[in-house]
Amino acid sequence: MCGIVGYCGPRVISDILIEGLRRLEYRGYDSAGISITDGDEFTTVKKKGKIKDLASAVPQEIDGLAGIGHTRWATHGEVTDTNAHPHTDNSGKVVIVHNGIIENYEALKSRLKQNGHRFMTQTDSEVIAHLIAELYAGDLEKALLEVLPLLKGTYGLAVMHQDEPGKIVGVRNGSPLVLGVGEDEMFLASDVTAILQYTRDAIYLNDGDLVSVTKDGYKTFDVHHNEVSKNIEQINWEINQIEKDGFPHFMEKEIFEQVESIKRAFTGRLNRDSATGHLGGLDMEPRDLLTVQRVKIIAAGTSYYASIIGAYLIERIARIPAQAELSSEVRYKNPIVEPNTLYFAVSQSGETADTLYAMRELQRKGARVLGLCNVVGSTIARESDGGVYLHSGPEIAVASTKAFTSQLTIFYVFTLILARIRHMGVEDGLDFINALEKVPSQIGELLKKTEELKTLAKKYYTYENFLFLGRGLNYAVALEGALKLKEVSYIHAEGYSAAEIKHGPIALINESTPSLFIVPDDALREKVISNMKEVKARKGRLIAFAVEGDDEVANIADDVFFVPKSHELMYPFLMVLPAQVFAYYCAIELGRNVDQPRNLAKSVTVE
Ligand code: M6R
């Protein structure tokens, strides 16, 4: 949830750290800080607020031999200058930045206090600096390796010691850390966005890996301090992908990118000749897939909502029982892993702790878990037993948009593969491919109508509560629409099955609680229209996302936004787009920080 950056090399260190933190700000944005050593002492600047606040607190360029920086998403201790990282020990010789949670910090702290240590912050992280100071005997790597077994919890750590200037030691357990290898410079970061503009050569650390860097090189070690060699991988993202590129916000840019990102998710993965799909990363031949009797999908947040649609589609079209579950719940329910069940762990970032730990628990029980991730080299991508990348490009806005539609795309291709090896014939396979290939241009059509959604947002942004209602494949679109509105505008919104409202939520209906109905022209349309009438009869305001030419819905609703007529299975793509745009414009009207909504972080690496 926090972002870490480290640098050794000839450039102005404060500039590199602040620019890196700016790139990592989406990981956490309540406070930030840097520490730089010039060989004699550390200069540390810490500031509550955004990276721009930190930048203005740095008096001038700070040069030196090495430096570390951190952008915080508070877990333990209030958001204050003092609680911001880096933290130090009482001698001031050790500085650390930490991403993760030290669960046993209270016990460690009271033991350290008995030994005379004085604590300056309310954080869990500070104990690490004190422990290193206590165990240090001239070798930072060694001291850190002695400290690690004492820590219970998760960490991505970068550490410096005044007696070894010019060196940064990093280690990870449960929180990501990547090493960027330059010519005469080295970088450490929580993710590659911080180093992309300087180097394409990256080493993704695994849990238990320790790395020691100076400007001249790096060494990687295992937990027993044995040197190990790691592969350098190429970062294939482009710098313009992490820029706003003329858009006012990343969220809007990423919404508009969906024409291309959906295309990228299916390109090379659909085969007209055989009327099926191919997902090489699954590493499963048709004969392996034939043995699959059940599909289970674990995920969190928006990825979970995409997974609900994926499960629905697999069951309905491929006729294989399928179920999506919240990863946070799976981990602790002692899940039953049955033979012939195929699991997916779905995560844009590939770092979500709930999903990662649930995946590991399933693997411990013998499950084959495939990863569906966007971030290349992420932990879930590396630890899963095969998988598929979304190829959406970096998603920087905290509210996920393009990753959702790319996840859907992969589930559609997977469904096609499963269905074709069972009962689906060539003609139906081709119909499916045709329909899916049309989606990007239909999204393009919708994006020409964003002004209509802006007008809708201007009309409704003052309402304090919303219901989002949909059914079937579009039930989870309602959930996602409500989540988007909540996240970026802070308007309270609940997503429900349109059929469910009569079982309780209809009690909320009055003139000041609008209901946004998703009404595709599918088999459930009539029933959804009945649900709309039930709301109208109770004086509820109605907004409908409906299919072009649906006058009946237009006549019932107070406001309607039309999507193009499509294959009935493709409506989740077309219905979620206006929900994203509507949420975006409501947030703009309310003057919210769209890309970095309060209290949130892009990648949730704590439980
Ligand atoms: O990186 P992941 O897809 O695993 O993230 C899961 C959720 O944290 C994420 O979708 C979250 O709900 C977003 N803020 C949604 O916009």
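Positions are given from 1 along the sequence. Excluded from the calculations below are hydrogen atoms, water molecules and symmetry mates; all remaining heavy atoms, backbone and side chain alike, are included. Read the numbers this way: they start at 1 and go in the same order the structure lists the ligands and their atoms. Source: prediction; values computed, not measured.
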(request) In plain terms, say whether E325 and K333 are close enough for a salt bridge, that is, a side-chain N and a carboxylate O under 4.0 Å apart. (result) yes

(message) If the cut-off is 4.0 Å to any non-hydrogen atom of S347, which atoms of ligand 1 fall inside it?
(response) 1 (O), 2 (P), 3 (O), 4 (O)

(message) For atom 12 (O) of ligand 1, what's the nearest protein heavy-atom neighbour? Residue, atom name and distance, please.
(response) G301 CA, 3.3 Å

(message) Among all protein heavy atoms in this structure, tell me which lies nearest to atom 1 (O) of ligand 1, with the distance rounded to 0.1 Å.
(response) S349 OG, 2.7 Å

(request) List the closest protein heavy-atom neighbour of atom 3 (O) of ligand 1: residue, atom name, distance to the nearest 0.1 Å. (result) S303 OG, 2.5 Å

(request) May I ask you to decide whether E607 forms a salt bridge with R331, counting only side-chain N to carboxylate O separations under 4.0 Å? (result) yes

(request) List the closest protein heavy-atom neighbour of atom 8 (O) of ligand 1: residue, atom name, distance to the nearest 0.1 Å. (result) V604 CG2, 3.9 Å

(message) Which label fits Y105 and H76: parallel for a plane angle under 30°, tilted from 30 to 60°, or perpendicular past 60°?
(response) perpendicular

(request) Could you tell me whether F414 and F344 have their ring centroids closer than 6.0 angstrom? (result) yes

(request) Please confirm whether K602 comes within less than 3.5 Å of ligand 1 when only nitrogen or oxygen atoms on both sides are compared. (result) no

(request) Run the numbers for me: atoms of ligand 1, each under 4.0 Å from some heavy atom of A399, listed by number. (result) 16 (O)

(request) Just need the protein heavy atom nearest to atom 13 (C) of ligand 1, so name the residue and atom and give the distance. (result) E487 OE2, 3.4 Å

(message) If the test is side-chain hydrogen bond (donor to acceptor under 3.5 Å, both in side chains), which one of E395, Q407, E254 qualifies with S400?
(response) E395

(request) Starting from atom 10 (O) of ligand 1, locate the nearest protein heavy atom and write down its residue, its atom name and how far away it is, to 0.1 Å. (result) T302 N, 3.0 Å

(message) Could you tell me, atom by atom, which parts of ligand 1 come under 4.0 Å of a heavy atom of V398?
(response) 13 (C), 14 (N), 16 (O)

(message) I'd like to know if E19 pairs up with R22 as an ion pair, taking the criterion as any Lys NZ or Arg NE/NH1/NH2 lying under 4.0 Å from an Asp or Glu carboxylate oxygen.
(response) yes

(request) Of all the heavy-atom pairs spanning V413 and H278, show the shortest one and how long it is. (result) CG1-N, 4.3 Å

(request) Tell me which protein heavy atom sits closest to atom 2 (P) of ligand 1, plus the residue, atom name and distance to 0.1 Å. (result) T352 OG1, 3.2 Å

(request) Could you say whether the N/O atoms of Q348 and ligand 1 ever approach to under 3.5 Å? (result) yes

(request) Please write down residue, atom name and distance for the protein heavy atom closest to atom 7 (C) of ligand 1. (result) A300 O, 3.7 Å

(message) Here's one to test your reading of the geometry: is the NZ or CZ of R598 within 45 degrees of the ring axis of Y490 and under 6.0 Å from its centre?
(response) yes

(request) Examine Y463 together with Y460 and report whether their ring centres are nearer than 6.0 Å. (result) yes

(request) Give the contacting part of K484 toward ligand 1: side chain, backbone, both or neither, where contact means a heavy-atom distance below 4.0 Å. (result) side chain

